[in-house]
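Structure first, commentary second.
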Amino acid sequence: MSEQTPINSEYEKTASLVLEVAKNAGKIILENGGETYRAEETCTRICTHFGGKNIAVLAITTGIVLSAEFFDKEITTVARIDTRGINLINVAQVNDISRRLENCSITLNQANDLLNEILSGDKPARFRRLKAFAVAAVGTGFSSAFFSILFGGSAPEFFVALMTGVVVAGLNTFFTSKKANGFITSLVLGVVAALIAISASFLFTDFRYDLVIIGSIMPLLPGIAMTVAFRDSIRGDLISGVSRILEAIVLAIAIASGVGIVIGTFLHFNLIGGFLV
């Protein structure tokens, strides 16, 4: 009996570590805009690879519950999803880690370290986030600029929308890092976009600030979240699908409210001329 105790204890540690890795993988996917079925499938594949039986995973937008049987003992773990955003780089990294686990190219401890690195923001992860921020800022800036051109803008609108997009992307990253409320973040971003666009109207003649506003808020609209919501709903994950749809609608209302507050204030006090399209 004394000889079996350390072995059983070691098995239990391994089983607990497997569930910890699976839980963290699913948590990262849900926090960064991945579908609920993707989180559930990743957790299931990790547990199955390490001999788990009777695996049950329930993932929704606000939490994940994972239960599996290892060595004739059932273990359950729960994770709360406090923050949600869109970072497909992190989702891709989790997918890569799970595949490398299945291919036995990394150990369980190495996978756990990599996932904790993403969750905690250790130095290598911060470098990746800095790179991701640079890509997001440039992408958001040029997306905003070309959207303004698409809706009929000219060179001044293009460059102002480019600058606005970069500023908005920077603020969005800052608020996300501080885990700010999504509604407040969207409201502030809408206010900032409108303020920059309207302020630029004093510098240029025949300047269409409305085109700059439209272009700069287009990348902010929760299109990916809405797409994921419909995919969840189609697959039968109705709780996650409906909650994601409502969340996307609320964020869109927040952006529109921020823009409306600024435009309404300027028009009320006759600080700007022109017309709204």
Side-chain angles (χ1 to χ4, degrees), residues 33 84-88 132-230 243-277:
R84 291 179 298 277
I86 302 296
N87 190 337
L88 300 184
F133 165 69
V135 173
V138 173
T140 303
F142 278 101
S143 296
S144 302
F146 284 110
F147 271 122
S148 68
I149 294 295
L150 179 65
F151 290 111
S154 56
E157 287 84 3
F158 178 90
F159 289 109
V160 174
L162 174 63
M163 180 187 68
T164 305
V166 172
V167 172
V168 165
L171 287 175
N172 189 31
T173 302
F174 173 77
F175 284 125
T176 301
S177 66
K178 299 300 181 181
K179 297 183 179 181
N181 179 272
F183 182 87
I184 301 300
T185 298
S186 299
L187 183 70
V188 171
L189 294 180
V191 169
V192 170
L195 279 175
I196 295 175
I198 293 177
S199 298
S201 65
F202 294 101
L203 304 177
F204 303 98
T205 58
D206 298 327
F207 182 80
R208 297 286 302 276
Y209 64 84
D210 55 308
L211 300 181
V212 174
I213 294 174
I214 294 172
S216 60
I217 67 173
M218 286 295 287
L220 298 177
L221 297 178
I224 296 178
M226 188 69 74
T227 302
V228 172
F230 281 114
S243 62
R244 286 182 188 268
I245 290 174
L246 291 176
E247 184 179 16
I249 293 174
V250 169
L251 293 180
I253 292 174
I255 295 170
S257 299
V259 173
I261 289 171
V262 176
I263 294 178
T265 301
F266 272 79
L267 289 177
H268 178 73
F269 290 102
N270 295 319
L271 295 179
I272 59 172
F275 57 93
L276 294 176
V277 177

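Position 1 is the first residue of the sequence; numbering continues from there. None of the values given here were measured: they were computed from a predicted structure.
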Exercise for the section: Mind running side chain to side chain contact (heavy atoms under 4.5 Å, CB included) on I196 and V168 for me, showing each step along the way? Expected result: CA-CA 10 Å; I196 295 175; V168 165; 5.8 Å; no
Practice task
Would you please test F174 and T185 for side chain to side chain contact (heavy atoms under 4.5 Å, CB included) and show each step?
Solution key: CA-CA 10 Å; F174 173 77; T185 298; over 6 Å; no
Practice task
I would like to know whether F146 and L162 meet side chain to side chain contact (heavy atoms under 4.5 Å, CB included); could you show each step before the answer?
Solution key: CA-CA 8 Å; F146 284 110; L162 174 63; over 6 Å; no
Practice task
Before giving the answer on side chain to side chain contact (heavy atoms under 4.5 Å, CB included), spell out for F175 and I184 the whole-Å C-alpha distance, their side-chain angles and the decisive distance to 0.1 Å.
Solution key: CA-CA 9 Å; F175 284 125; I184 301 300; over 6 Å; no
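For the atom pair CG of L150 and OG of S143, the computed distance is 11.5 Å after rounding to the nearest 0.5 Å. Taking CD1 of I214 as the reference point, atom CZ of R208 lies at 8.0 Å (rounded to 0.5 Å). In this structure, S201 OG and F266 CZ are separated by 8.0 Å, a value rounded to the nearest 0.5 Å. One finds the OG1 atom of T164 at 10.5 Å from the CG atom of L195 (value rounded to the nearest 0.5 Å). Taken from OG in S154 to CZ in F207, the straight-line distance is 8.0 Å, to the nearest 0.5 Å. Atom OG of S186 is separated from atom CD1 of I255 by 4.5 Å, given to the nearest 0.5 angstrom.
Under a cut-off of 6.0 angstrom, the local environment of CG in N181 is crowded, with over 12 non-hydrogen atoms contributed by other residues, nucleotides or ligands. The local environment of CZ in F142 is sparse, with at most 12 non-hydrogen atoms from other residues, nucleotides or ligands closer than 6.0 Å.
Shown here for I217 and A193, the closest heavy-atom pair between the two residues is CG2-CB, 4.3 Å. Here the closest heavy-atom approach between residue L251 and residue P222 is recorded as CB-CG, 4.4 Å. Nearest heavy atom pair, residue P219 against residue S216, reads CD-O, 3.5 Å. Pairing each heavy atom of M218 with each of F151, the nearest pair is CG-CE1, 4.4 Å. Considering every non-hydrogen atom in both A161 and A145, the closest pair reads CB-CA, 3.7 Å. Taking all atoms of both residues into account, the shortest heavy-atom contact from L189 to L171 is CD2-CB, 3.6 Å.
Taking the side chain as every heavy atom from C-beta outward, T140 and N172 never approach each other to under 4.5 Å.
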